[in-house]
Number of protein chains: 2
Amino acid sequence: MSVLSRSRQDYVKALYALAPGGGPVPTSRLAERLAVSAPSVTGMLGRLAAEGLVAHAPRAGARLTARGRRVALAMVRRHRILETFLVRVLGLDWTEVHADAEVLEHHISDRVLEAIDRLVGHPHEDPHGHPIPDRSGRIQRRALAALTALPPGARAVVREIRDADRPRMARWKSVGLVPGAAVHVRRVRTLDDVYELSVAGRRLVTGSEGLEGVMVEVQRVAPEGTRRGR
Amino acid sequence: MSVLSRSRQDYVKALYALAPGGGPVPTSRLAERLAVSAPSVTGMLGRLAAEGLVAHAPRAGARLTARGRRVALAMVRRHRILETFLVRVLGLDWTEVHADAEVLEHHISDRVLEAIDRLVGHPHEDPHGHPIPDRSGRIQRRALAALTALPPGARAVVREIRDADRPRMARWKSVGLVPGAAVHVRRVRTLDDVYELSVAGRRLVTGSEGLEGVMVEVQRVAPEGTRRGR
DNA sequence: TACCAGAATTAGTCTAGGCTAAGACCGGCC
DNA sequence: GGCCGGTCTTAGCCTAGACTAATTCTGGTA
């Protein structure tokens, strides 16, 4: 009970990722996320429920218990500290550290994790800008908007780059869409899905597909006379 | 075939550890070392033989093939680089890093391993003094003697501390028996198993039990008129 | 109200890698 | 030469965690 198999850790982590607020997650969503069949999910949810990590109302989805949530947050902490370490200490690129952290988070002892945390200076954010839960599982919650949701004229600062495939992250990085970058939405042509932005002063024209996963903190919604889109 | 399960890696590593020279290893020795039953060993040896990693003549023990030996040396390299990292970068004590390295060696990608190797400056020895195989599996072979095999009067330098239980390694460390330390054998009382040494200038009296695993490079066997013991 | 489609669960298998119990081999002693 | 004890191997079983096929719900529509 005290030491969870890698599989269990993955299920708990996925539940948290799919519903950080604790809402119920359908079996099929978990199956898709974990690249596993639906019956496998049903089976594992049964075990996790018996262990008190999830509440599973048959045919009504599963949600983490308080204990499950603590486990999930511990995994998130491990993952993000490891990513920070891989980038800052080992010099790997932040567009390519996800897979390594994904494996290591299951196998590193608390002792080594805390030593690494110390080495990188107890960071509050990982290289993608995600907040790192503290030892007791507290995580900074912030109200971020998707860059694609901003109306023309808005100004914002990039805060998080959600994990995505490597080429996409590499593209974001190459055009300056990195945590901390200032963004100004110049025009949005909804019909043909074209965004004209300036990113850190440089002009960028792209489709929405190339922006999903970039989360920003809004500075100014729009110049005078313009209303915020939903 | 290209990616070996943790279990397979452990068997191959154990075979190398029990017979670095490539000699045959009895099933029972493997079982003992891996804390596994003899039938489990027979079963796994069958699989490893089918995969070309070991040669298994029934009832005559198993030995590594050239391929198996390459795998084993890669594992040794990973283990020792990781130990070096845990000590030099994370600041852990060399008497307590073995278990962590034992787990991590199976889960770290080549990319991360090489980054770590770079970070610690491509060391040739780990913190216990063991030589680290290079990328192509070449390992420095040296003729070391057990400290307990030295005759009275001999002078030597500690070169390797063989992995052992933590308290024992901690004791060695606390009395100065660390790689690089100069040792002078003052007296050996074979009857009641007492060794009188001076270690880095400090006097040390102990039984042989407290010295097993300390390997030295002999400087001078004995003063005039004394013969070397076997 | 009855039916249908999609989602979830149940039933039954499979693989890796363990285990115990039982049988087969082999080297040494009488 | 025959037996005996230890060492291996074979036989059969177990668990975690996957899978596919078949079955059961359930909510929405005719």
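Throughout, protein chains are lettered first and strands after them, A, B, ... in sequence-line order, and every chain is numbered starting at 1. Predicted, not measured: the structure shown is a model, and the values here were computed from it.
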What integer distance in Å separates [X]:[atom1] from [N]:[atom2]?
X	N	atom1	atom2	value
B:Glu51	C:dG17	CD	C1'	13 Å
A:Gln9	D:dA16	CD	C1'	15 Å
B:Leu48	C:dG18	CG	P	10 Å
A:Arg29	C:dG6	CZ	P	19 Å
B:Leu45	C:dG17	CG	C1'	13 Å
B:Leu30	D:dT7	CG	C1'	14 Å
A:Asp10	D:dA16	CG	P	17 Å

Is the distance from OP1 or OP2 of [N] to the nearest side-chain N or O of [X] less than 4.0 Å?
X	N	value
A:Thr42	C:dT10	no
A:Ser28	C:dG6	no
B:His56	D:dT9	yes

Q: Tell me, yes or no, whether the heavy-atom count around B:His122 atom NE2, taken from other residues, nucleotides or ligands under 6.0 Å, exceeds 12.
A: yes

Q.
Is there a side-chain contact (heavy atoms from CB on, under 4.5 Å) between B:Asp10 and B:His106? Walk through the geometry before answering.
A. CA-CA 9 Å; B:Asp10 279 335; B:His106 300 291; 3.0 Å; yes

Q. Where does DNA chain C pair, written as one dot-bracket string 5' to 3', with Watson-Crick or G-U pairs under 3.5 Å, ( ) inside the strand, [ ] for crossing pairs and | for another strand?
A. ||||||||||||||||||||||||||||||

Q) How does each nucleotide of nucleotides 17-28 of chain D score, in 5' to 3' order, for protein heavy atoms under 4.0 Å: base (B), sugar-phosphate only (S), or none (-)? A) BSBBB--BSS--

Q: Provide the full list of side-chain hydrogen bond (donor to acceptor under 3.5 Å, both in side chains) pairs with a residue in residues 11-21 of chain A, sequence neighbours left out, each pair given once.
A: A:Lys13-A:Glu102, A:Lys13-A:Glu105

**Q.** A:Arg80/A:Asp117 ion pair, N-O < 4.0 Å
**A.** no

Q. A:Asp126 and A:Thr84: side-chain donor and acceptor closer than 3.5 Å?
A. no

Q. Does the side chain of A:His128 come under 3.5 Å of the side chain of A:Glu83 through a donor N or O and an acceptor N or O?
A. yes

**Q.** Non-neighbouring partners of B:His98 that pass ring pair (Phe, Tyr, Trp, His ring centres under 6.0 Å), sequence neighbours left out
**A.** B:His79

I'd like a table of donor-acceptor pairs (distance under 3.5 Å, sequence neighbours excluded) in which one partner is a side-chain atom from residues 23-39 of chain A, with atom names and distances.
{"residue": "A:Ser37", "atom": "OG", "partner": "A:Ser40", "partner atom": "N", "Å": "3.4"}
{"residue": "A:Ser37", "atom": "OG", "partner": "A:Ser40", "partner atom": "OG", "Å": "2.9"}

Q: Identify, with sequence neighbours excluded, every residue that meets side chain to side chain contact (heavy atoms under 4.5 Å, CB included) alongside A:Arg138.
A: A:Asp134, A:Ser136

